[in-house]
Amino acid sequence: MSNKNAERTYIMVKPDGVQRGLVGDIIGRFEKRGFKLIALKLVHATREHLEDHYGDLKGKPFFPGLINYMASGPVVAMVWEGLDAVKTGRSMLGATNPLASAPGTIRGDYALAVGRNICHGSDSVENAEKEIKLWFPEGIVQYSHDLAPWIFE
Ligand code: IDP
Ligand code: MG
């Protein structure tokens, strides 16, 4: 399998997505698209952990509100693997502001407000690696996926 087929992205259902019962739908979209689930857990993250995760946004006016939102309940942390996983994951999520997200995307189907946009996805391969280490310091389970020849050329 080529490296691009094994690209990994960190996807997270945010507290509003968990409360609204959207976990199964979001997982189902990634499964049905052909991505391989390689890590999954429900976690109520600490503020320190979330400040690390969103470290690049520290100076933004919405940062305190973002941390309050993300610390308000458990999130579902996941790693998905597959062809062009980072870019494809972002396109499945939709635009940061749900009002600008196309119908058919997760945010475009289920959200209206930028501060309640249901899900997170890594924005680059480099950030994906950082986020995977931050959320899964225990490491990731390896298993073979017999579907690969039906999904990748
Ligand atoms: P992304 O989640 O699409 O990568 P980022 O710019 O990395 O977007 O912002 C991280 C998160 O911060 C967004 O998903 C959203 O929840 C929140 N956020 C971004 N911009 C705003 C804003 O202008 N107001 C309130 N929250 C925002
Ligand atoms: Mg981002």
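Keep in mind that the numbers below use all heavy atoms, side chains included, and drop hydrogens, waters and symmetry copies.
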Worksheet entry | Atom pair CD (E51) and CG (L66), whose distance is rounded to the nearest 0.5 Å | 10.0 Å
Worksheet entry | Least distance between heavy atoms, L57 atom then F63 atom | O-CD1, 3.4 Å
Worksheet entry | Flag side-chain contact, heavy atom, 4.5 Å: Y10 against K130 | no
Item to complete: Enumerate the residue pairs fulfilling salt bridge (Lys or Arg N to Asp or Glu O under 4.0 Å) with a member in residues 83-107, sequence neighbours excluded, ordered by first and then second residue.
Response: K4-D84, D84-K87
Fill in: Residue pair K60 / Y54, side-chain heavy-atom distance below 4.5 Å
no
Worksheet entry | Check against side chain to side chain contact (heavy atoms under 4.5 Å, CB included), M70 and K14 | CA-CA 7 Å; M70 293 299 298; K14 295 179 175 183; 3.7 Å; yes
Worksheet entry | Nearest non-hydrogen partners of G34 and I151, listed with the distance | O-CD1, 3.6 Å
Discussion item. Just to verify, what does R29 make a salt bridge (Lys or Arg N to Asp or Glu O under 4.0 Å) with, not counting sequence neighbours?
Written reply: D25, D109
Worksheet item: Considering all heavy atoms of both residues, which atom of V43 and which atom of A77 are nearest to each other, and what is their separation?
Response: CG1-CB, 4.3 Å
Worksheet item: Is there a donor-acceptor pair closer than 3.5 Å between any side-chain N or O of S101 and the backbone N or O of A95?
Response: yes
Worksheet item: Restricting to pairs with a member in residues 78-104, which pass ring pair (Phe, Tyr, Trp, His ring centres under 6.0 Å), not counting sequence neighbours?
Response: F30-W80
Discussion item. What verdict does the side chain to side chain contact (heavy atoms under 4.5 Å, CB included) test give for N68 and R47, after you've listed the backbone C-alpha separation in whole Å, the side-chain angles of each residue and the deciding distance to 0.1 Å?
Written reply: CA-CA 8 Å; N68 285 341; R47 305 178 72 82; 2.8 Å; yes
Discussion item. If hydrophobic clusters are built by linking Ile, Leu, Val, Met, Phe, Trp and Tyr wherever their side-chain heavy atoms come under 4.5 Å apart, do L93 and V23 end up in the same one?
Written reply: yes
Worksheet entry | Minimum heavy-atom distance G108-T105, with the two atoms named | N-OG1, 2.9 Å
Discussion item. I want to check something: taking the side chain as every heavy atom from C-beta on, are I27 and V13 in contact at a cut-off of under 4.5 Å?
Written reply: no
Discussion item. Under 4.5 Å side-chain heavy-atom separation, chaining through any Ile, Leu, Val, Met, Phe, Trp or Tyr, what else clusters with V114? Say none if it is isolated.
Written reply: none
Practice prompt. State, with a plain yes or no, whether a side-chain heavy atom of V79 is found less than 4.5 Å away from one of I11.
Written response: no
Discussion item. Quick one: does any side-chain atom of H44 pair with a main-chain N or O of V75 as donor and acceptor, under 3.5 Å?
Written reply: no
Worksheet entry | Non-hydrogen side-chain atoms of H120 and E131 separated by less than 4.5 Å | yes
Fill in: Transitive ILVMFWY side-chain link L83 to V125, under 4.5 Å
no
Worksheet item: Is any side-chain heavy atom of E81 less than 4.5 Å from a side-chain heavy atom of F35?
Response: no
Worksheet entry | Non-hydrogen atoms of W135 and L50 that approach each other most closely | CH2-CD2, 3.9 Å
Fill in: Pairs where residues 138-153 contributes a residue and the test side-chain hydrogen bond (donor to acceptor under 3.5 Å, both in side chains) is met, not counting sequence neighbours
K41-E138
Practice prompt. Dump the intermediate steps for side chain to side chain contact (heavy atoms under 4.5 Å, CB included) on M78 and V76, then the final yes or no.
Written response: CA-CA 6 Å; M78 299 179 273; V76 173; 3.9 Å; yes
Discussion item. Donor-acceptor check, side chain of N5 to backbone of G82, threshold 3.5 angstrom: yes or no?
Written reply: no
Worksheet entry | Pairwise distance CZ(R8) to OG(S122) - rounded to 0.5 angstrom | 12.0 Å
Discussion item. Side chains of I106 and I26, heavy atoms from C-beta outward: is any pair under 4.5 Å?
Written reply: yes
Item to complete: Could you name each residue pair satisfying ring pair (Phe, Tyr, Trp, His ring centres under 6.0 Å) that touches residues 91-111, not counting sequence neighbours?
Response: none
Item to complete: Starting at CG of D16, measure out to OG of S72 and round the result to the nearest 0.5 Å.
Response: 7.5 Å
Worksheet entry | T88 side chain to A85 backbone, donor-acceptor under 3.5 Å | no
Practice prompt. Output yes when a side-chain donor or acceptor of E7 lies under 3.5 Å from a complementary backbone atom of V86, and no otherwise.
Written response: yes
Worksheet item: Do V141 and I38 touch side chain to side chain, with heavy atoms closer than 4.5 Å?
Response: no
Fill in: For the student: nearest non-hydrogen atoms of L99 and L112, plus distance
CG-O, 3.4 Å
